[in-house]
Amino acid sequence: MAVRKKGNSGGLGGEMPSEECADRVTPQGSLYRELPHIINTDGQYLFCRYWSPKTKPRALVMIMHGAGEHSGRYNELAELIMNESIFVFAHDHVGHGQSEGNRMVISNFQVYIRDCLQHIDHMKEKYPGLNIFLIGHSMGGAIAILTANERPNDFAGVMLIAPLITLQPETSTPTKVFLARLLNYVLPNIGLGSIDPNFISRSEEEVKNYINDPLNYHGSVKVSFAVQLLNTVARIEEILPKITWPFLLLHGEADKLCDINGSYHMYDTAPSKDRTLKVYTSAYHVLHKELPQVTSEVFTEIQKWIVKRL
Ligand SMILES: O=C1N[C@]2(CO1)C[C@H](C(=O)N1CCC(COc3ccc(F)cc3Cl)CC1)C2
């Protein structure tokens with residue numbers, strides 16, 4: 001029997017709009033009314049995470065996770081930033097983690113950006129006047145770039161951890177790109193292959209964590225999803241020459257999932273006066289879950305970069 005509850009369900013609204021929503025559950029079976037969440041403009045429930053400092057926050061930071069993973073993988077980084085009296089927030093994108101939506105399926109990449117802007121607007125209402133920074137990893141880096149591009153004067157800085165900016169030349173040849181686009185019309189749900197966990201990190205422990213995390217999606221990248229990524233890479237290529245906001249690029253030299261040349265290209269092409277690129281020798285894709293030395297350096301770099309721009 002559905003129970004109507006008054007008060008904030010942790011979402012954007014107060015009361016449950018209908019009895020049906022009272023029993024809405026995450027893909028893992030938890031009740032959204034008992035979890036922090038927002039409801040996007042398509043009516044999909046997105047699971048949120050908040051890292052609230054004990055003292056009055058001096059800034060806001062939104063973390064945007066990548067493809068097939070979820071916001072819980074950023075707890076260590078978020079806590080480090082929270083300890084700088086900064087309010088950190090995130091949500092699991094549609095089709096990811098504890099949010100609704102078919103796993104790693106998206107009708108249009110713009111949905112990710114729209115949902116992030118909705119969450120950002122919600123947080124700006126709650127904490128008016130604070131600087132807002134974005135942190136994006138991999139596909140989340142592409143989301144961060146396109147989100148900042150929609151509001152070029154709204155963000156104090158954008159930090160990109162191995163962002164998806166350009167295609168891996170060996171895996172995305174023009175022929176393969178053409179075939180993927182063609183296949184999308186006839187068999188959009190065909191799998192192209194899944195992310196190789198061994199490309200995630202040189203840390204065996206982190207590879208195991210990635211494999212064993214039930215909130216990660218380990219299935220195949222569908223053609224329709226791949227085409228959305230291809231379109232996104234093309235969109236980013238177009239806007240790089242117009243980027244003026246401050247950014248920090250961090251990329252592993254041995255990244256096999258997102259080509260480091262994308263970061264070099266953004267650093268060389270974007271006219272931002274405040275831009276930094278740091279390359280981590282021999283490091284793989286997930287710098288915040290790499291060998292301890294690398295991850296420690298990355299955390300310090302992010303912490304210093306934000307504090308300097310508060
Ligand atoms: O900690 C983490 N990091 C994660 C996982 O867990 C890595 C993952 C992530 O976002 N990407 C890695 C894979 C990449 C695939 O890209 C394509 C695939 C087919 C295609 F046709 C065109 C493209 Cl562009 C997208 C970006 C997030």
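Start at 1 and go down the list; that is how both ligands and their atoms are numbered.
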When the ring centroid of [X] is compared with that of [Y], is the distance short of 6.0 Å?
X: His137; Y: His285; value: yes
X: Phe87; Y: Tyr127; value: yes
X: Tyr45; Y: His37; value: yes
X: Tyr284; Y: His251; value: no
X: Phe89; Y: His122; value: no
X: Tyr267; Y: Tyr264; value: no
X: His65; Y: Tyr74; value: no

At what distance is the nearest protein heavy atom to [atom], and which residue and atom is it?
atom: atom 9 (C) of ligand 1; answer: Ser138 OG, 2.8 Å
atom: atom 22 (C) of ligand 1; answer: Leu230 CD2, 4.0 Å
atom: atom 6 (O) of ligand 1; answer: Tyr210 CE1, 3.3 Å
atom: atom 14 (C) of ligand 1; answer: Leu257 O, 4.3 Å

Sub-4.0 Å atoms of ligand 1 with respect to non-hydrogen atoms of [X]:
X: Ala67; result: 4 (C), 5 (C), 8 (C), 9 (C), 10 (O), 27 (C)
X: Arg73; result: 1 (O), 2 (C), 6 (O)
X: Ala226; result: 19 (C), 20 (C), 21 (F)
X: Gly66; result: 10 (O), 27 (C)
X: Met139; result: 9 (C), 10 (O), 26 (C)
X: Leu229; result: 16 (O), 17 (C), 23 (C), 24 (Cl), 25 (C)
X: His285; result: 7 (C)
X: Leu164; result: 24 (Cl)

Subject >> Parallel, tilted or perpendicular: rings of His96 and Tyr112 (30°, 60°) >> reply: perpendicular

[X] N/O under 3.5 Å from ligand 1 N/O:
X: Ile195; answer: no
X: Glu69; answer: yes
X: Ser172; answer: no
X: His288; answer: no

**OP:** Work out whether the distance between some heavy atom of His137 and some atom of ligand 1 is less than 4.0 Å.
**Re:** yes

Original post:
Is Leu167 in contact with ligand 1, taking contact as a heavy-atom separation below 4.0 Å?
Top reply: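 True for this residue.
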
Original post:
Between Asn149 and Trp245, is any side-chain donor less than 3.5 angstrom from a side-chain acceptor?
Top reply: no

**OP:** Check whether the side chains of Arg24 and Gln44 place a donor and an acceptor atom closer than 3.5 Å, and report yes or no.
**Re:**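 No, Gln44 and Arg24 have no side-chain donor paired with an acceptor closer than 3.5 Å.
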
Original post:
Do Trp51 and Arg49 pass the side-chain contact (heavy atoms from CB on, under 4.5 Å) test, and can you show the C-alpha distance, the side-chain angles, and the key distance before you say yes or no?
Top reply: CA-CA 7 Å; Trp51 294 268; Arg49 289 182 196 269; 3.5 Å; yes

